Amino acid sequence: MRGTGFTITIAALIALVAGAFLIGMPAYNVYAKRMAGKAAYQEALQNRQIRVLEAQALLDAAELTAQAEVARAKGTNEANRIMAESLGGPDNYLRWAYINMLQETAGQGDRQIIYLPTEAGMPILEAGRRPGN
C-alpha cells in the first residue's frame with residue numbers, strides 16, 4: 001500500500017502543478033504583456049525626449065551661428081567704414097580694393113587680361129587685342 005499512496009501523492013502533486021500552471025499561465029501572460037506595454041511606453045517617452053533635445057540643440061546651434069554671422073557682418077561693416085574714411089571716401093576705398101585685387105592676382109598663370117576702368121566707370125573690353133598676343 002505504501003507504493004500506492006506514494007503514487008497517489010505524486011499524481012496529486014502533478015495535478016496540482018498542472019492546475020497551477022493552467023491557472024497561472026493566463027495571468028502571467030497578462031502580466032508579461034502589461035510589462036511589455038510599460039517598457040514600450042517608457043522607450044517611446046525616452047525617444048521623444050531625445051528627439052526634443054536634439055531639436056533644441058539644433059535650434060541653439062542655429063541661433064548661435066546667426067549671432068556669429070551678425071557679429072562678423074558688423075565687424076566687417078565697421079572695418080570697411082574705417083578703411084573708407086581713412087582713404088578719403090568710398091570711391092578711394094574701391095580704387096584701393098581694386099589695386100589690392102590686382103596685386104593678389106599678379107603672377108597667376110602665364111597671361112592675364114586686366115580690365116581697367118575708364119572715366120565713365122566702364123572698362124574698355126580688350127580694345128586693340130590682336131590674335132597671337
Side-chain angles (χ1 to χ4, degrees):
M1 266 316 199
R2 201 164 188 219
T4 306
F6 182 71
T7 304
I8 291 174
T9 305
I10 293 295
L13 283 175
I14 289 174
L16 185 63
V17 169
F21 182 75
L22 290 174
I23 292 171
M25 193 61 167
Y28 174 75
N29 284 340
V30 169
Y31 171 77
K33 287 183 180 185
R34 184 179 322 134
M35 290 288 121
K38 285 182 180 180
Y41 177 72
Q42 289 298 323
E43 183 180 0
L45 282 178
Q46 185 178 14
N47 289 340
R48 180 177 173 265
Q49 288 174 344
I50 289 171
R51 286 192 308 271
V52 167
L53 289 174
E54 286 175 345
Q56 185 63 47
L58 288 174
L59 178 63
D60 292 345
E63 287 174 354
L64 291 175
T65 301
Q67 288 175 5
E69 288 293 319
V70 168
R72 185 191 60 77
K74 286 180 180 177
T76 301
N77 182 35
E78 183 66 15
N80 287 341
R81 186 189 60 75
I82 292 170
M83 188 68 141
E85 286 177 4
S86 68
L87 291 172
D91 290 335
N92 289 337
Y93 174 70
L94 291 175
R95 265 190 219 93
W96 174 84
Y98 178 73
I99 292 168
N100 191 38
M101 182 270 311
L102 290 176
Q103 289 173 342
E104 288 176 1
T105 59
Q108 295 177 358
D110 295 336
R111 195 167 157 196
Q112 284 187 325
I113 297 174
I114 299 174
Y115 298 104
L116 299 174
T118 62
E119 290 178 16
M122 300 293 295
I124 299 174
L125 303 175
E126 303 177 23
R129 184 167 186 222
R130 292 175 282 178
N133 281 351

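The structure displayed is predicted, hence computed values, not measured ones.
From Gln42, atom CD reaches atom CG of Asn47 across 11.0 Å, with rounding to the nearest 0.5 Å. Taking CD1 of Ile82 as the reference point, atom CG of Asn77 lies at 10.0 Å (rounded to 0.5 Å). Here OG1 of Thr65 is found 10.5 Å from CG of Asp60. Values are rounded to the nearest 0.5 Å. The line from CG of Leu64 to CG of Leu59 is 9.5 Å long, rounded to the nearest 0.5 Å.
Heavy-atom neighbours of Glu78 CD from other residues, nucleotides or ligands within 6.0 Å: above the threshold of 12. Annotation for Gln46: atom CD does not count as buried by contact number, only 12 or fewer foreign heavy atoms lying within 6.0 Å.
Counting heavy atoms from C-beta on, the side chains of Met83 and Asn80 never come closer than 4.5 Å.
Relative orientation of the Trp96 and Tyr93 rings is parallel, given thresholds of 30° and 60° on the angle between their planes.
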Self-check item: CA sep, side-chain torsions, deciding dist, call: Glu69, Arg72, salt bridge (Lys or Arg N to Asp or Glu O under 4.0 Å)
Solution: CA-CA 5 Å; Glu69 288 293 319; Arg72 185 191 60 77; 3.1 Å; yes
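Asn92 and Leu87 make their closest contact through ND2-O, 2.9 Å (heavy atoms, listed as atom of the first residue, atom of the second, distance).
Placement of Tyr28 and Met35 within a single hydrophobic cluster is found when ILVMFWY residues are connected by side-chain heavy-atom separations under 4.5 Å, directly or transitively.
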